[in-house]
Structure formats: C-alpha cells, structure tokens
Amino acid sequence: MGIQFKHVSYSYPGFKTSYDAIKDISLEIEGQGEFIAIVGQTGSGKSTLVQHMNALLLPGSGTVEVFGFTLPPGKKQKINHLRQRVGLVFQFPEYQLFEETVIKDIMFGPKNFKKSDEDANLSAKKAALKVGLSEELFEKSPFRISGGQMRRVAIAGILAMEPEVLVLDEPTRGLDPIGRNELMAVFKSLHEDENKTIILISHDMDLVAAYAKRVIVMDEGKIVFDGTKEDLFAHPSFDRFHLDLPTPLKIMRHLEKTLKIPYRAVYDYDGLLGYLKEVGHE
Ligand SMILES: Nc1ncnc2c1ncn2[C@@H]1O[C@H](COP(=O)(O)OP(=O)(O)OP(=O)(O)O)[C@@H](O)[C@H]1O
Ligand SMILES: [Mg+2]
C-alpha cells in the first residue's frame, strides 16, 4: 500500500486544453524498500509527476492513491497528513529557507504537524546530524552558511517529519562532487538502514546507475520505460530514450572495442574495477 497512479493526467491552468504535462500515467510504488530514479529530458513531466505523490498537485483526471488515501479527495477530507508521510524535497530547496536559525528552520515541519517544541527540536537535531550538519551551525542564520549546507538544511527539514517515502527532485544539482557523494550516501543509508522508499529525479545517469534499482523514463508527459536499471541499460532501443549511458558502461564498451575485453554490465567504479581485476587474473 504505497503510491498508486491510475490513468493520471494533469494540465497546468492556462495551457491549451490539449496540452497535458503528464498523460495517462499508471504506476505502482511500494511504500517501503524501493529506490527509484525518474529520468527524462527537460520538460518531460518529472516534477509534475512527483508533485502528485504528496498532493501538491491533484490529478486533472484519473486517481492517485497514497497509503490508501484517494486523490482527488472528497469534500472535507484533509490531505495535510500525506505531506508528512511522503516527504518531497523540491528542486533548489534552499530557496525556501526562511527562519532565523538553522535549527528553527528544520523544526518548522514537525511543529506544523503538531509536535511539541521539545519533540520537534529532537527530531530536527536527529535529522540535521543525519545529513551531516554539525551542531555549531544550529544557531546560525540559514542565510549565512554555504550553498551546500543550505541544501542540507532544507533536506533535514523534510527528514525531520520522518516521512516513510522520500521524494527528491534533483537533490544534487549544482553541488560539487564531494557534496554530491556525501548527500547520495545519506539517501543510500536511509534506504538501506531504514528501508525507506527513495524516489530520485536526476539528470545524472552515473548516480542513477550507481544507486537506483528501478528506473522510470518519462518522455513528453508519458512513461516510456519502467523497469530495472539492468533492463534499461541493456534495452535494445536504449537510444530511443535520449539518455546518456553511465560512465562505467561507456568505459566498458570502449574496453570491449579497443582491448576486446568481454562486455559486462557494471554500474559503478568499484564494479568496473572488480571486473577488470577478475579478467586480469585469468
Ligand atoms: N507551473 C507551471 N505552469 C505552467 N506550465 C508548467 C509549470 N510547470 C511545468 N510546466 C510545463 O509542464 C511540462 C512538464 O514540466 P515539468 O517541470 O514537470 O518537467 P521536468 O521533467 O521536471 O523538467 P526539468 O528536467 O526541466 O525539471 C513542461 O512543458 C513545462 O513547461
Ligand atoms: Mg523538474
């Protein structure tokens, strides 16, 4: 009982009626244990799709079910609780920081969901440490810390609500490689240690290959592929998806062509290195 889309379409108001940002989307996501990447060209509907997962957008037609709750909701049904269960981190979330101090900003969500100051503070501290914010930053203004730290504050603000599903819209965009890897390690640990479902929108196919288990490819508002990353990168018409190949697979192809090393699908550098050691010892 996670998230279920049934024939969902959505058009932004003001658009010609024939134009749908997402079209006839049907989809099932488990409430636990998934690591899904959503990829596709700019404007393909990725952000529109995920905003339906916590009722920020309501379907124009079709239905979305989130932990057994159907959207669009009937009259008088409150949907706020969904925002706590499905945490959504926007593109460039640091633009939404607004409190006087880092810790107050992270506490905002849990307080909003009726936690006492004391409980909210505890959840906020736990979340802050999880994303690697050190305690000496807690009382600083969120506008006087680095861009990478601001991003972490925004993500901690969502984690502090202890969502079951975490949706991340290009969380590593604009970060340097170290910041990017540190943040990905946080998501990996939420997935592996706490069994949370992680849904990650990304243009970075290296990250997708290294972390995701399942990949959903969007094109012009439609899902054109939904399956394992193994199946995606071995797909006979992969070119049709207009996606880049992950670097380890590109290297593998090059080695096959130049050194005649038999191709094997590897999804990160450790995998590549392990394989090369293996064939080197033969
Ligand atoms: N607030 C909005 N008002 C009107 N049209 C919008 C709005 N947001 C998105 N759109 C349009 O809806 C379509 C899908 O946009 P969406 O932002 O979901 O794509 P995306 O896949 O997230 O793109 P990107 O990779 O650039 O983030 C695009 O054609 C876009 O121009
Ligand atoms: Mg987007």
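Side-chain atoms are counted along with the backbone in the values below, which use heavy atoms only and exclude waters and symmetry mates. Note that ligands are numbered from 1 as they come in the structure, with each ligand's atoms numbered from 1 the same way.
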Pair D219, S44: side-chain N/O donor-acceptor within cut-off below 3.5 Å: no

Ring of F138, cation from K125 - is the NZ or CZ under 6.0 Å from the centre and inside 45° of the axis? no

At a threshold of 2.8 Å, where the distance has to be below it, does the Mg ion (ligand 2) have an N, O or S atom of T42 nearby? no

Give the ring-plane orientation class for H235 versus F241, where under 30° counts as parallel, over 60° as perpendicular and anything between as tilted. perpendicular

Considering only heavy atoms of H203, which atoms of ligand 1 have at least one such atom less than 4.0 Å away? 25 (O)

What I want to know is whether G43 and ligand 1 share at least one N or O pair that is separated by under 3.5 angstrom. yes

Taking only heavy atoms of T48, which atoms of ligand 1 are found under 4.0 Å from at least one of them? 14 (C), 15 (O), 16 (P), 18 (O)

Quick one: does G45 get a heavy atom under 4.0 Å from ligand 1? yes

Would you call the rings of Y10 and H52 parallel, tilted or perpendicular if under 30° counts as parallel and over 60° as perpendicular? perpendicular

Please check if atom CD in Q91 has more than 12 non-hydrogen atoms from other residues, nucleotides or ligands closer than 6.0 Å. yes

Ligand 1 versus Q91, non-hydrogen atoms closer than 4.0 Å: side chain, backbone, both, neither? side chain

Quick check: are there more than 12 heavy atoms from other residues, nucleotides or ligands sitting under 6.0 Å from NE2 of H81? yes

Please confirm whether S47 comes within less than 3.5 Å of ligand 1 when only nitrogen or oxygen atoms on both sides are compared. yes

